[in-house]
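One structure below.
Predicted, not measured: the structure shown is a model, and the values here were computed from it. Every number for a ligand or one of its atoms is a count from 1 in the order of the listing.
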Amino acid sequence: MTTSAPLPARPRIIRTMKLPPMVEARIAECFEAPPPPSQPLQTAEALRLAEEFGASAILLTHATPLFADMIPQIPSCVKLIATVSVGLDHLDVAALAERGIMVSNTPDVLTDCNADLTMMLILGASRRVTEMSRVIREGWGRSLAMDELLGLRVTGKTLGIVGMGRIGQGVARRARGFDMNVLYNNRRRLPEDLEYGASWVRDLNDMLPRCDILSLHLPGGDSTDSMMNAETFSQLPKGAIFINAARGRLVDETALIAALKSGQLAAAGLDVFRNEPHPNPELLSLPNVFATPHIGSCTVETRSDMGMLALDNVEAFIAGRPLPTGVTA
Ligand code: DGY
């Protein structure tokens, strides 16, 4: 009689939010996990659940931050934090590393959808979609006059990209389709094949006055906090369009509101806010704000790819292989 080798135990994980069907199906098939929560878990709840369940990995998002004050409360069974995001500003990666906890994220798979969303924000803000949408939802009822609710042409304008990483490059590539003149500000000049026809401007102060449209693509964090403020908004040409699909912390929202009210900015397209998910109501009440609720990666394909990549990282970790998209402090 042959004895078969014992089946390897299925990795024990928890997730702080329900994931797309394809990802949930893989969890059901290949992992041990409690049922998905109906609402994203708060950090304390997630850590309690991880302890009760004996999870070796936690899948989470920016809605469940793990800063230094919470790290001592992570149960000792947890060895991997697999964030289902590219951004890491909700995690203290250095403090996690000190506790011997590995971190992975989900880069690349969301680049295209974030760049697509940026184009939508550019178009939505420039073409006054907030106001137009109100007109149509209220029944329209009369023809608009030839000089009424005029937007701004996007084609041929100068777009300034701050932060020319993967998503910034994706925006530059798309902007070529709109015949835009693209400038970018980045610490270093990129090799020409990654510039997609955009021109590097070393100093942000030199770039701002040249931008009809400015779009941020920087990570959040202390070093970039409020980099858009009264001073930097005032350097843009009057009537510029401001776009942020990166992180709310990059912007001093009081200064943004003032610039939108004074006409210094014609409009803003915003997917991210300082106080998510409770953004400043005054900002949202402005007719020249075209806003979405942090949905850069919110498509069937991308959210599925992100969840799958997070699970790939868990499986690699359990098998003792290098993490496909591990993060170091
Ligand atoms: C990301 O992946 O960082 C998105 O902004 C969601 O947090």
Side-chain angles (χ1 to χ4, degrees), residues 15-20 23 37 39-43 46 57-67 70 80-93 96 103-122 161-171 174 215-225 227-228 243-251 253 268-279 290-314 323-329:
R15 56 210 180 290
T16 62
M17 64 281 136
K18 190 163 183 242
L19 291 156
V23 186
Q39 293 296 320
L41 298 181
Q42 301 295 303
T43 303
I58 302 180
L59 268 64
L60 50 70
T61 67
H62 64 284
T64 308
L66 269 179
F67 296 126
M70 295 304 283
L80 172 69
I81 300 295
T83 182
V84 189
S85 69
V86 65
L88 294 163
D89 51 317
H90 54 298
L91 301 176
D92 188 333
V93 178
L96 286 163
V103 176
S104 64
N105 69 344
T106 59
D108 298 318
V109 293
L110 44 68
T111 299
D112 285 328
C113 278
N114 272 277
D116 290 349
L117 180 89
T118 301
M119 298 313 291
M120 184 181 96
L121 294 175
I122 291 174
I161 294 176
V162 188
M164 191 71 157
R166 290 169 281 232
I167 298 173
Q169 290 165 36
V171 173
R174 284 159 178 74
S215 188
L216 304 186
H217 298 284
L218 292 170
D222 291 342
S223 63
T224 50
D225 197 316
M227 50 89 52
M228 288 311 297
I243 305 298
N244 188 8
R247 283 295 181 265
R249 262 185 94 188
L250 299 169
V251 179
E253 288 181 347
L270 307 171
D271 185 50
V272 290
F273 303 86
R274 283 198 93 89
N275 188 28
E276 295 178 10
H278 303 289
F290 175 61
T292 47
H294 201 148
I295 56 158
S297 61
C298 186
T299 62
V300 174
E301 297 87 344
T302 292
R303 289 275 167 91
S304 301
D305 288 349
M306 292 165 77
M308 290 304 212
L309 183 52
L311 293 178
D312 291 346
N313 278 279
V314 177
L323 302 185
T325 51
V327 168
T328 47

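For atom 2 (O) of ligand 1, the closest heavy atom belonging to the protein is V86 N, 2.7 Å. For atom 6 (C) of ligand 1, the nearest protein heavy atom (residue, atom name, distance) is H294 NE2, 3.3 Å.
Polar contact check, S297 against ligand 1: no nitrogen or oxygen pair lies under 3.5 Å apart.
In summary, the atoms of ligand 1 found under 4.0 Å from a heavy atom of G87, numbered by their order in the structure, are 1 (C), 2 (O), 3 (O). Set against the non-hydrogen atoms of L110, the atoms of ligand 1 under 4.0 Å away are 2 (O). Ligand-side atoms of ligand 1 in range of H62: 6 (C), 7 (O), range being under 4.0 angstrom from any heavy atom.
Between the side chain of T16 and the backbone N or O of L41 there is no donor-acceptor pair closer than 3.5 Å.
Residue R247 places a heavy atom under 4.0 Å from ligand 1.
Using a 4.0 Å cut-off between charged nitrogen and carboxylate oxygen, R247 and D89 count as a salt-bridge pair. We find that R174 and D112 are joined by a salt bridge, their nearest charged nitrogen and carboxylate oxygen being less than 4.0 Å apart.
The heavy-atom pair separating L121 from A245 by the smallest distance is CD1-CB, 3.9 Å.
Taken from CG in L309 to CG in N105, the straight-line distance is 8.0 Å, to the nearest 0.5 Å.
Between H294 and H62, the angle of the ring planes stays under 30°, which puts this pair in the parallel group of the 30/60° scheme.
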